[in-house]
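Structure, as structure tokens:
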Amino acid sequence: MTADDHLILVDGSTFIFRAYHALPPLTRKPDGLPVGAVSGFCNMLWKLLQEGLSPEPGDEPTHMAVIFDHSSKTFRSDIYPEYKAHRPEPPEDLIPQFGLIREATRAFSVHCVEQEGFEADDLIATYARQAAAAGARVTIASGDKDLMQLIGPTVKMIDTMKGKTFEEADVFEKFGVGPDKVIEVQSLAGDSVDNVPGVPGIGLKTAALLINEFGDLETLLSRASEIKQNKRRENLIEFAEQARVSKQLVTLKQDVPVLVPVDHLAVTEIDGPKAVGFLKAMGFTTLTKRVAETTGAELANIEPADFQVPGWDVPDGKGRLSPASPTARGVAAPAASSTSQSEAGDGASSSPASGSAQADLPAGMMVPQTVASEAADAARNTTIDPSTYETVTTVERLKEWVAEAYEVGTVAFDTETTSLDAMQADLVGVSLATAPGKACYVPLGHVDGEGDLLGGGGLLPGQIPLGEALAVLKPMLEDRAVLKIAQNLKYDWLLMTRYGVDIAPFDDTMLLSYTLDAGKGGNGMDELSERWLGHTPIPFKEICGSGKSMITFDKVAIDKATAYAAEDADVTLRLWQVLKPRLASERMATVYETLERPMVPVLARMERRGISVDRQMLSRLSGDFAQGMAAEEDEIYALAGETFNIGSPKQLGDILFGKMGLPGGKKTKTGAWSTSASVLEDLAAEGHELPSKIVAWRQLSKLKSTYTDALPGFIHPETKRVHTSYSLAATTTGRLSSSEPNLQNIPVRTEAGRKIRKAFVATPGHKLISADYSQIELRVLAHMADIPQLKKAFADGLDIHAMTASEMFGVPIEGMDPSVRRRAKAINFGIIYGISAFGLAAQLGIGRGEASDYIKTYFERFPGIRDYMEAVKKEVHANGYVTTIFGRKAHYPDVNTSNPNMRAFYERAAINAPIQGSAADILRRAMVRMEDRLSHSRLDAQMLLQVHDELIFEVPDAQVEVTLPVIREVMEKACEPALTLSVPLQVDARAADNWDEAH
DNA sequence: TCTTGCCCTTA
DNA sequence: GTAAGGGCAAGAT
């Protein structure tokens, strides 16, 4: 090997596990051989061979090998038996694929190296050192951060799945030290995945700090007594030996006596027929074709390779082979496909991936490249440089920007303000972007940031007067000819309506992301920028600071503000160019256009209206609750024999289970005794007095702190009403969420709680109407799973829980024992939540076996429900997502994890998502139509709140009776005409002076 | 001052 | 058993 050579070392393990976990399971057609990971591996290896790893010409690899782990037993387990001890066994369906992947490597004429007693990492380290010693360049293809210690001037690392290259600077970013100090840091910080202990209380940040100060581990340990922080010093002294062992574990062995010399790893020409033969035998049609085309191998004349996999027959290769197709399509299809969906045509039965020929590159894998348009490429590939943005200081320039927006027809728009609360914020500036890299900021309200109490605070020069700027902007923002693009537009929309501007038409990149990728991660701009543009925008903290010293945006210097604000518009525009094309290609345009985008003005108006709360009533209640708490406190302290902080679960646990010696039940995940209400209630049932007093105190404390004390703080100084903020993109299922304050969890179950609800009142001369869907989720389930008894019961208007009980236990509905109905009700809820015997038992306070029997009986009576659940599970495993009746997707990217508990959790979530999500879709459809229907009927009702299955309106007294049926009709017919449910929807609506009585 | 854990409120 | 937001205590920084 010489200085002209370039060695590529592929970490086989990373590739295998990435391929397995990133992709849904896939089996070979004739015999069910699992080949998902093999498929992923082959695709990755082929891509590597095609594209190489180095963009520069002349740097093509001269040597290459895939390195595998030989077995789990290595010299490290001798040093520290616990090393990697927590690693779960590989999943069952991955085991036969290990051998196949080695076959695949050879089939592609790539060297395949492993050696007993050593991890792949040690072999990689050894080869890398030998090659580097000869002056050759080395590229390590891996996602394993442990290999970062090998990076050097001629050694780089590349994560092909994430398309990221790591050089020395990147190591610094990750570990806070250079490659030569990585092991020092790792031996302190440890690694929970590999079970490297490290030193307790020291994480990556602290470890880097210490190593930078002391140089290396040994120096640090010998001078540990100099450390100021008590806990840190003690741990370093106590766990010194553990740190030394950790260092041995993380240090890669660079002198493995390799059986295959590095010179033998020279690349060889790919043997086309051999590769094609292997791929044919696997049944990967798409890749087989591609490899045949590239290598010139004659596809038709090549027989599938003949090799044995224990337990599986060799296919005959006579055209019977085809890539397995996901088997669980159309779980919700009976409903979705049997009814017309003129609006939501992209229903459950049409996922783009499952129908495509690319079954060997299955759905769920993020392949941004495949959806790229030219514009999207430009959006991604031109650099983002905040120093190039323009600060607009004259009306003339602003007019030119507006003209540019008309010219292009689209403009990204963002506002900068003094507050996160759109109801309180003052406009400080706006930014525009008309093309990637072409963005500006228009400062409008910046003041002298240096100004203290005495001077300053005046408007800075060089800013267009607000009114003049708005006069130029408003026509463009309201013009149909210009599409406005924003990230989380609801905020800007609400703000701008306060300045008399109604933005339309528009697109919202946050909602685009949510429509396409709900469940895959956040939809915030910074996160989307990282994910799609590989760019980290200037953090808000960097401009305004955080915590106590945070300044409002109007105090930010205009040049800094320009860089920050214009970048936001630039990034938003680029995100739109990346995401918008996916809408059509992934058939999600209807979901976006009917269920997401129209919600923006609807919710903004609801937020702006707010709701009236009676401040005096809350204040009185707060006093009452405080008195009640004080009374309980006296008795609690007397029973405990001492005073303590009742609000501290830790102190309470010490009293109950330590001092008083009560039998502890559950433990929390950190190992402490649980003091949850269910535990305390069990103790109370055994006759202990203290626990029931604690429960009573907690209830009062919760009501007081969260509601009576916090709510008045949200009363707007001018409107005198409470304005919540709804999030459209916070949940995986499609529900809304409400915050600041959360008006979706106002108490209702207890008498004391309902007093808080009474404080939500109608304005004088008005009533509140509360309209809620009855059993909407069970109705949706009855429709989706097509359950005859349930459908009939709903059609006949029966009590659904009593009917369930009657079916299950064979008792008549007339004169039914309430406890029997209660059990059936719990089961019905359990079904919606993806039932487990464990959960049902906990809910009903019965044994696991008994709960199990209930579930069995239920499934015998309603076999369609069981079939539905099984089908959803198959669907989510195959596709990585599930769909609602209107085509909304909920993704569960980690559902194929090998951890059985996590897997079961994701499966339950996936069972629940189409039910909860379909109900959420129905609410959205009702809300989108409601305002028009009311105004067409010349009614003045105002929609104020949404609480998942309930809508709250404020209505003039005289119109109550006319309004009620209109609201009911819109809600009950919300599915039409896209879909006719096979079950009627029922809405109960009532009017009263306050929310409690209306509900 | 910030983060995590625990507990509780809703549908 | 599903989906959320939020207050307070305690510990780390």
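Lettering follows sequence order; numbering is per chain, from 1.
Taking the six-membered ring for Trp and thresholds of 30 and 60 degrees, Tyr906(A) and Tyr892(A) have ring planes inclined between 30 and 60 degrees apart. Classification of the Phe644(A)-Tyr637(A) ring pair by plane angle, with boundaries at 30° and 60°, yields perpendicular.
To the nearest 0.5 angstrom, Ile715(A) atom CD1 is 8.5 Å from Asp614(A) atom CG. Atom CZ of Arg757(A) sits about 12.5 Å away from atom CD of Glu997(A), to the nearest 0.5 Å. The structure places OG1 of Thr883(A) at 9.0 Å from CE of Met784(A), a figure rounded to the nearest 0.5 Å. Between Phe760(A) atom CZ and Leu768(A) atom CG the span is 10.0 Å, to the nearest 0.5 Å.
The side chain of Pro747(A) lies closest to dT9(B) when the candidates are dG11(C), dG1(C), dT9(B). Proximity note for Phe838(A) (side chain, C-beta onward) versus dA11(B), dG1(C), dG5(C): the nearest is dG1(C). Of the candidate nucleotides dA10(C), dT13(C), dA3(C), dA3(C) has the atom nearest to the side chain of Arg735(A). Out of dG1(C), dA4(C), dA11(B), the shortest distance to the side chain of Thr732(A) is found at dA4(C). Nearest nucleotide to the Asn742(A) side chain, out of dA10(C), dG5(C), dG1(C): dG5(C). When each of dC2(B), dG1(C), dT10(B) is scored by its nearest atom to the side-chain atoms of Ser546(A), the top-ranked nucleotide is dC2(B). Here the side chain of Arg757(A) is nearest to one of dT10(B), dG1(C), dT9(B), namely dT10(B).
Looking at heavy-atom distances under 4.0 Å, Glu777(A) makes no contact with the nucleic acid at all. Contacts of Tyr707(A) with the nucleic acid, taken as non-hydrogen atoms under 4.0 Å apart, involve only primed sugar atoms and P, OP1 or OP2. Among the protein residues, Ile746(A) comes within range of the sugar-phosphate backbone only, with heavy atoms under 4.0 Å from sugar or phosphate atoms but none that close to a base. Contact annotation for Ala841(A): no contact, since no heavy-atom pair falls under 4.0 Å across all strands. Using a 4.0 Å heavy-atom criterion, one finds that Gly834(A) contacts no nucleic acid atom at all. At a threshold of 4.0 angstrom between heavy atoms, the contacts of Ile832(A) with the nucleic acid are absent.
Across the protein-nucleic acid pair, Lys704(A) atom NZ and dG6(C) atom P stand 19 Å apart, rounded to whole Å. Spacing between atom CD1 of Ile227(A) and atom P of dT13(C) amounts to 13 Å, rounded to whole angstrom units. Atom CD1 in Ile915(A) sits roughly 17 Å away from atom P in dG1(C) (whole-Å rounding). In this structure, CG of Asn645(A) is placed 9 Å from C1' of dC8(C), rounded to the nearest angstrom. In this structure, CG of Asn828(A) is placed 18 Å from P of dG1(C), rounded to the nearest angstrom. Remark: C1' of dA11(B) and CG of Leu951(A) are 13 Å apart, rounded to the nearest angstrom. For Leu728(A) and dA4(C), the CG to C1' distance is 14 Å, given to the nearest whole Å. The CG-C1' distance, from Leu652(A) to dA10(C), rounds to 15 Å in whole Å.
Checked by atom type, the side-chain pair His891(A)/Asp517(A) shows no donor-acceptor distance below 3.5 Å. Looking only at atom types and distance, the side chain of Gln744(A) has a donor-acceptor partner in the side chain of Gln946(A) under 3.5 Å away.
Not a single donor-acceptor contact under 3.5 angstrom links the side-chain atoms of Gln744(A) to the base of dT10(B).
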| remark: Per-nt protein contacts along nucleotides 3-8 of chain B (heavy atom under 4.0 Å; B base, S backbone sugar-phosphate only, - none) come out as --SSSB

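The phosphate of dG5(C) (OP1 or OP2) has a side-chain N or O of Ser737(A) nearer than 4.0 angstrom. For the pair Ser648(A) and dA10(C), the criterion of a side-chain N or O lying under 4.0 Å from OP1 or OP2 is met.
Inter-residue side-chain proximity for Leu210(A) and Ile227(A) is flagged as met; some heavy-atom pair is nearer than 4.5 Å.
Sorted by residue number, the members of residues 903-913 of chain A with any non-hydrogen atom under 4.0 Å from DNA chain C read Phe905(A), Arg908(A), Ala909(A), Asn912(A).
If you look at Phe862(A) and Tyr858(A), their ring centroids are closer than 6.0 Å.
The side chain to side chain donor-acceptor pair (under 3.5 Å) test with Arg888(A) singles out one residue from Thr733(A), Thr515(A), Asp921(A), and that residue is Asp921(A).
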